[in-house]
Structure formats: C-alpha cells, structure tokens
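The next block holds one structure in the form of structure tokens; read it before the comments.
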Amino acid sequence: MKEKIISLLKQTIEELVQAERIPECNMDTITVTTPPNKEFGDFASNLAMTMASKIKKPPREIAKAIKEKMEAMGDIIERIDIAGPGFINFYIKPVMWTSVLNDIHDQKELYGTSSFGRGKKVQVEFVSANPTGPLHIGHGRGAAVGDTLVRILSAAGFDVEAEYYINDVGNQMNNLGLSVLSRYRELFGNEISFPEQGYKGDYIKDLASDLSKIHGESLLKEDTSKAVEICRQFASRAILEEIKDDLQDFNVSFDHFFSESTLYENNEVDAMLGYMKEKGLSYEDEGALWFKTSNFGDEKDRVLRKQDGTLTYFAPDIAYHKDKIERGFTQIIDIWGADHHGYVPRMKAAIEALGADKECFHALLIQLVSLIRQGKPVQMSTRSGEFITLKEIIDEVGKDVARYFFLMRRCDSQLVFDLDLAKKKSDENPVYYIQYAHARICSILANAAEQGMTPDMETAALGLLADGEDLELIKVIAAYPDVVTGCAADLEPHRIAFYLLELATAFHRFYNKSRVISDDGRMTKARLVLISAVRQVLANALALMGIDAPESM
RNA sequence: GCCCCCGUAGCUCAGUGGAUAGAGCACAGGAUUCCUAAUCCUGGUGUCGCAAGUUCGAUCCUUGCCGGGGGCACCA
C-alpha cells in the first residue's frame with residue numbers, strides 16, 4: 001500500500017514538473033511514513049517541506065499543488081489533507097485495504113516476500129565457535145540473530161548463504177588435545193599436571209572417557225605429540241558433531257561449514273601473503289611481517305606473522321575473506337560478539353586492501369547476554385568451565401522461547417535473559433501470547449469447519465470489513481511486507497519480534513470485541529477470510545524467526 | 001589515555017530530522033450464560049543523561065561533558 005502511494009506521488013511530481021508548476025527535483029528521496037496519530041491519515045509525506053528550501057516556495061503552497069493533482073487521479077485515495085507546517089496526509093479508501101486479503105490468499109506463505117534484494121548474492125557468517133567446547137548462551141544469541149537474518153534476507157529477495165567458519169587450526173586446538181590427554185591419563189591413575197590454559201569443563205572428562213573405551217590404555221605408550229594429535233582430532237570432531245546437533249535442535253541451519261584448515265590445504269594463506277607483498281601492503285619489521293592497515297583507516301598496522309614464525313589469527317582470516325570475495329558475494333555479513341569490535345577496522349582495511357568495496361562488508365556486533373534466575377544473576381565464566389550452555393537453555397525453556405528472547409532486543413543492546421519469565425506460561429511471556437493468537441484462530445477455523453464453513457474468497461463480501469475493528473486488523477497485516485523489507489535493508493531482525501507482538505495484540509483485541517462465527521452469515525464468511533489471513537501472516541512472521549505456529553495450546 | 005555500544009515512564013525496552021515521544025511488565029479497578037481468560041477494557045507518569053551547535057524544526061545529526069558496559073596483543 002505504501003509503495004502504491006509512493007509511485008502515485010512520483011507520478012504526480014513528474015506531471016507537475018512537466019506542467020512547469022515546479023522545477024526538476026530528485027525523486028529518490030521521497031519518503032512516505034505512517035503518521036503517529038490516526039487523525040493524520042493512513043500515510044503522510046513531508047515532501048513539501050523538504051522541497052520548500054530547494055525551490056523557494058512555501059511548503060503549504062507546494063503541498064496544495066500536489067494535493068489537487070493527486071486527488072484528481074486517485075482510485076485509491078479518498079482524500080488528502082494538508083496539515084501543520086506542510087505535511088501531506090493521505091486517507092486511503094477503506095475498501096482498498098481489503099484487497100490485501102486477496103494478496104494474502106493468493107500468496108499464502110509467500111506473502112511478505114519481495115524482490116527487494118534483486119537476487120544479489122549475500123553471505124551471512126555466524127556462530128563460528130571453535131570446536132573446543134559446547135555452544136554457550138552467547139553463541140545462542142548469535143545463532144538466533146544470524147539464522148533469522150538469513151531467513152529475512154531470503155524473504156526479501158536476496159540469494160543468501162549461511163556459513164559457519166570452523167577455527168580448527170592453531171593453539172586452541174592444541175590446547176584441546178592437551179586437555180583431553182591429561183584427563184585421559186588421569187583415568188589411568190597418572191597424576192599429570194593439568195595444562196594452565198586448558199579447558200576445565202566436565203565435557204573434557206567425558207571425551208577422555210570415550211577415548212579410553214576406544215583405545216584402552218594404548219595412548220599412554222604413544223609419544224606425547226602423537227597422543228595429543230589423536231586426542232585433538234577425536235575431541236574436535238566429537239564436539240563439532242555436538243555443536244551441529246545443538247544447532248539443529250535450535251532450528252538453525254547452515255548451507256556451508258567452512259574449515260580453516262582448507263585455507264592452508266589450498267595454499268590460500270600463502271596466496272594472500274603473496275598478494276600483500278606484491279601490492280606493497282606488507283613489510284618486515286623487528287622480525288615480524290606487518291600489514292599496512294593504517295593505510296585504510298586503522299589506527300596502527302597489524303602483524304600477520306609473528307617473530308616466532310607462526311601466523312596470527314588475522315592472517316588466515318584475511319585469506320578467508322579473500323575467499324568470500326572471490327566467491328562473488330556482493331554483501332558479506334559477519335556476526336561477531338561485541339567484544340570483537342576492535343577487530344572491525346582492521347577487517348574493513350583488509351577488505352579494501354583486497355580490492356573490494358569496503359561498503360560490502362558489514363560486521364554485526366552482538367552484545368552480551370546475562371542470565372537471571374530468581375532475580376539474581378547467574379555467574380558464568382568460560383575459563384573456569386562454568387557456563388550455561390545453549391543446550392541447557394533449550395532444555396529448560398524450549399527452542400521457541402529461547403529464539404524469541406534472543407531477538408527481542410536490538411543486537412547492540414545488552415540482553416538480560418530472565419529464566420523465570422521465559423518459563424512462565426502466562427500473559428507476561430510474549431512468546432505464548434503470540435502463539436496463542438495463532439492457536440485461537442486455528443480453533444475458530446476448526447469450529448467453523450465443523451459447521452461446514454471454510455474461508456472462501458469467491459463468496460465473501462469483503463466490503464463488510466472496511467470499517468471498525470476489522471479494518472484496524474487489516475491495516476496491521478497490510479504493513480507486514482514493509483516490515484520484512486525494512487528488517488532486510490537495515491539488518492535489524494528484532495523488528496519482526498516487535499511486529500509479531502503488535503499483530504497478536506491487534507488480533508486479541510479484535511477477538512474480544514467481535515465474534516467471528518455469528519448469526520450474520522455474510523459477516524461470518526467475511527471474517528473467516530480475515531482471520532485466515534491473520535493466521536497466515538502470524539505463521540509467516542513466526543517462520544522468519546524459526547518459531548513454531550501451534551494449532552492448539 | 002584512546003576507541004566502540006548504551007543512557008527514553010517505577011522496571012525491561014521500542015521509536016523518529018517533523019505534528020500530542022510509545023509498548024510490555026509492575027500497580028488499581030472492571031469484563032466471560034457465547035468461537036481457548038495463555039484473552040480483553042479503563043486508569044498516568046517523562047528535564048528522551050547534561051550542555052552547546054547545525055536546522056524552518058533535534059529525543060534523533062555534530063561536538064564536549066557525566067554515568068554504565070565492552071575493547072585497546074607479535075591471544076584467538
């Protein structure tokens with residue numbers, strides 16, 4: 001509907017320009033918004049005010065010219081008001097709104113999708129936790145945000161790939177092997193000092209125990225380096241499988257798991273270093289190899305290869321992003337924990353140095369999650385191995401509630417996850433409130449079906465809905481496509497969560513004021529079409545968040 | 001010291017270069033012979049952290065300050 005107003009407005013301006021009533025102007029900046037108050041119409045534009053300074057005419061005069069022209073050509077518009085300093089307020093003919101019911105009926109689960117993204121290739125990389133331990137609650141937020149963003153971008157017409165980068169090379173992995181080996185030796189009574197930087201969680205003991213069932217005592221006799229290698233491989237594979245299981249239980253899926261080790265196998269890291277040298281972007285100093293990130297806006301240069309000859313984490317990461325660029329993505333979106341924000345300028349520098357447009361790279365930073373149980377914070381520390389895992393959260397509150405809670409704040413806002421609220425099956429819990437709206441509609445539709453009535457577009461008199469509570473509800477579902485494209489354009493998945501709450505509220509209000517199945521046969525038919533459309537939109541929006549739409553509760 | 005994010009109702013948080021800044025919770029009262037009461041309705045509160053600047057217009061943009069969190073590695 002908003003799109004229709006914008007195109008009408010553009011057409012009007014063009015005609016006014018041709019008639020030389022106003023001079024040429026830029027049409028791309030036309031904005032149409034939903035006004036803060038119903039009294040100001042269904043849509044409003046501040047166009048006349050923004051044009052006023054450029055063409056040196058009073059805004060109300062410009063608005064008047066637009067109003068006269070547009071009112072004459074509108075099948076959609078009932079009337080136009082000029083208000084305040086020069087707002088143009090549009091009032092849509094009530095009957096026009098009911099056409100959205102036809103759209104929803106025709107498009108079903110595709111209602112809300114668009115060609116906004118024009119099929120552009122986009123990659124979203126998220127979670128990417130090292131396979132050194134189970135996913136914890138912080139990863140959960142990243143997973144919920146990333147997966148939902150992928151679904152939204154896809155709905156908005158982008159060609160999206162979801163990728164998980166596995167850091168399966170380097171110190172952390174060695175550390176994992178050492179930790180498991182120590183626990184393994186412990187099992188056989190060998191008192192071995194546990195590595196200082198080792199992983200202390202109980203899952204390490206479980207892995208050691210599994211290993212002992214396969215290998216018996218044989219690893220005790222191996223060289224330490226070989227034993228560590230065996231432990232490392234066994235543990236990282238097992239942990240990665242567990243991560244994948246957790247993600248599946250969380251309704252999160254990836255198109256591609258990208259292993260860091262393949263960068264070395266395919267010589268991509270060396271190739272990147274060669275590229276840097278060739279372009280004169282790297283230099284040797286104090287025995288280390290540096291990358292001139294300061295040429296691209298970073299505050300200082302960064303080390304690629306350390307004095308001891310080993311590479312920093314940054315080096316393979318550049319090679320990884322080079323690989324992404326070469327795969328032809330027009331947008332590369334990385335979802336990181338907010339503690340990595342200092343890493344953004346150097347990654348942007350790398351993207352630019354690699355010859356790509358730095359605007360194509362977006363780092364979405366996810367703020368911290370803290371847990372509250374019985375009003376008290378739950379202490380967590382990765383180092384001590386005391387952290388709440390994603391699996392524990394899912395087991396305790398369920399996948400749907402967890403996903404919603406992770407998405408009910410803006411990404412850059414810290415999140416307090418209240419476990420008691422999450423488990424409450426009452427009106428305080430927004431997830432059940434929303435799902436209940438869907439279940440209620442299903443229940444009404446089932447009752448209607450028992451009486452031999454199903455929603456039928458052909459025979460329903462939709463004109464009956466162009467008023468009162470019915471119209472209010474229609475306006476909410478009509479806004480849905482704009483919400484989806486808005487989320488995609490600004491990379492803000494949390495807006496779906498807020499929209500769902502708004503839609504559920506609108507439906508519950510409608511339910512309490514109006515009966516769907518009544519003695520009035522014509523109204524019953526029309527409202528069955530209406531609630532069936534509402535159900536479809538609830539289901540579509542819930543699907544974007546990866547949350548179930550239950551038929552009964 | 002430098003950098004990033006946040007600061008909006010009692011609490012948790014949305015929101016916007018524009019019109020009277022919103023929701024949920026909490027608190028109080030009310031609604032169901034009828035499609036699920038996991039529901040709805042009615043109540044009111046704001047120095048949009050502080051100050052200056054840009055603007056016809058700033059809670060929003062810029063700068064400085066205050067407060068909270070995070071980051072400043074030849075760790076990953």
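The shown structure was predicted, so the numbers you read here are calculated from the model rather than taken from an experiment. FYI, side chains are in, hydrogens and waters are out, and symmetry mates aren't considered; it's all heavy atoms of this structure. Each chain gets a letter, A, B and so on, in the order its sequence line appears, and its residues count up from 1.
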Distance (rounded to the nearest 0.5 Å) between A:I243 CD1 and A:L135 CG = 4.5 Å

message = Does this structure show an ion pair linking A:E472 with A:K513, if we count only N-O contacts that are shorter than 4.0 Å?
response = no

request  = Please determine, by modelled atom types, if A:D317 and A:Y343 share a side-chain donor-acceptor pair under 3.5 angstrom.
outcome  = yes

request  = Tell me what A:S552 touches on the nucleic acid: a base, only sugar-phosphate, or nothing, going by heavy atoms under 4.0 Å.
outcome  = base

ask   = Can A:R440 be said to sit on top of A:F507's aromatic six-ring, NZ or CZ under 6.0 Å from centre and within 45° of the ring axis?
value = no

N or O in side chain of A:K423 less than 4.0 angstrom from B:A38 OP1/OP2 = no

ask   = Can you tell me how far P of B:G71 sits from CD1 of A:I366, to the nearest Å?
value = 16 Å

ask   = Under a 4.0 Å heavy-atom cut-off, which of residues 401-410 of chain A touch RNA chain B?
value = A:R409, A:R410

message = Checking A:E163 against A:Y320: is there a side-chain donor and acceptor pair closer than 3.5 Å?
response = yes

message = Output the rounded distance in Å from CG (A:D339) to C1' (B:A73).
response = 14 Å

task = Quickly work out the A:H438 NE2 to B:U39 P distance and round it to whole Å.
result = 17 Å

message = Looking at B:A19 and A:F87: do their rings stack (centroid distance under 5.5 Å, interplanar angle under 30°)?
response = yes

ask   = Given B:C40, is OP1 or OP2 found less than 4.0 Å from the side-chain N or O atoms of A:Y433?
value = yes

remark   = A:F40 atom CZ is separated from B:G22 atom P, nearest whole Å, by 11 Å

ask   = Which pair of non-hydrogen atoms, one from A:I13 and one from A:M51, has the smallest distance, and what is that distance?
value = CD1-SD, 4.5 Å

request  = Give one of base, sugar-phosphate or nothing for A:D519, where a contact means two heavy atoms less than 4.0 Å apart.
outcome  = nothing

task = Take the protein atom CD1 of A:I444 and the nucleotide atom P of B:U39, then report the distance between them rounded to whole Å.
result = 15 Å

task = Measure the spacing between CD of A:Q233 and CG of A:L176 and express it to the nearest 0.5 Å.
result = 11.5 Å

message = If the cut-off is 4.0 Å, is A:R440 near the phosphate of B:A37, judged by side-chain N/O to OP1 or OP2?
response = yes

task = Can you sort out which residues in residues 482-498 of chain A have a heavy atom within less than 4.0 Å of RNA chain B? Ascending by number, please.
result = A:H494, A:F498

ask   = Centroid-to-centroid, A:F43 to A:F90, below 6.0 Å?
value = no

query = To the nearest angstrom, how far is A:H341 atom NE2 from B:C6 atom P?
reply = 12 Å

query = Under 4.0 Å between a side-chain N or O of A:Y511 and OP1 or OP2 of B:A37?
reply = yes

message = Dot-bracket, 5' to 3', for RNA chain B please: Watson-Crick or G-U pairs under 3.5 Å, [ ] where pairs cross earlier ones, | where the partner sits on another strand, dots elsewhere.
response = (((((((..((((....[...)))).(((((.......))))).....(((((..]....))))))))))))....

task = Would you mind reading off the distance between A:N130 atom CG and B:C75 atom P, rounded to a whole angstrom?
result = 16 Å

key: Flag if over 12 foreign heavy atoms under 6.0 Å of NZ, A:K358   = no

query = Given A:E229 and A:R232, is the salt bridge (Lys or Arg N to Asp or Glu O under 4.0 Å) satisfied, shown in steps?
reply = CA-CA 5 Å; A:E229 175 60 19; A:R232 186 189 69 83; 3.1 Å; yes

key: Distance in angstrom units between A:L304 CG and B:C75 P, rounded   = 13 Å

task = Would you tell me if any nitrogen or oxygen in the side chain of A:K300 comes within less than 4.0 Å of OP1 or OP2 on B:C72?
result = no

ask   = Is the ring centre of A:H340 under 5.5 Å from the base ring centre of B:A76, and are the two planes under 30° apart, so that they stack?
value = yes

query = Any side-chain donor-acceptor pair under 3.5 Å between A:R409 and A:H494?
reply = no

key: Distance in Å, A:D420 CG paired with A:N429 CG, rounded so as to fall on 0.5 Å steps   = 11.5 Å

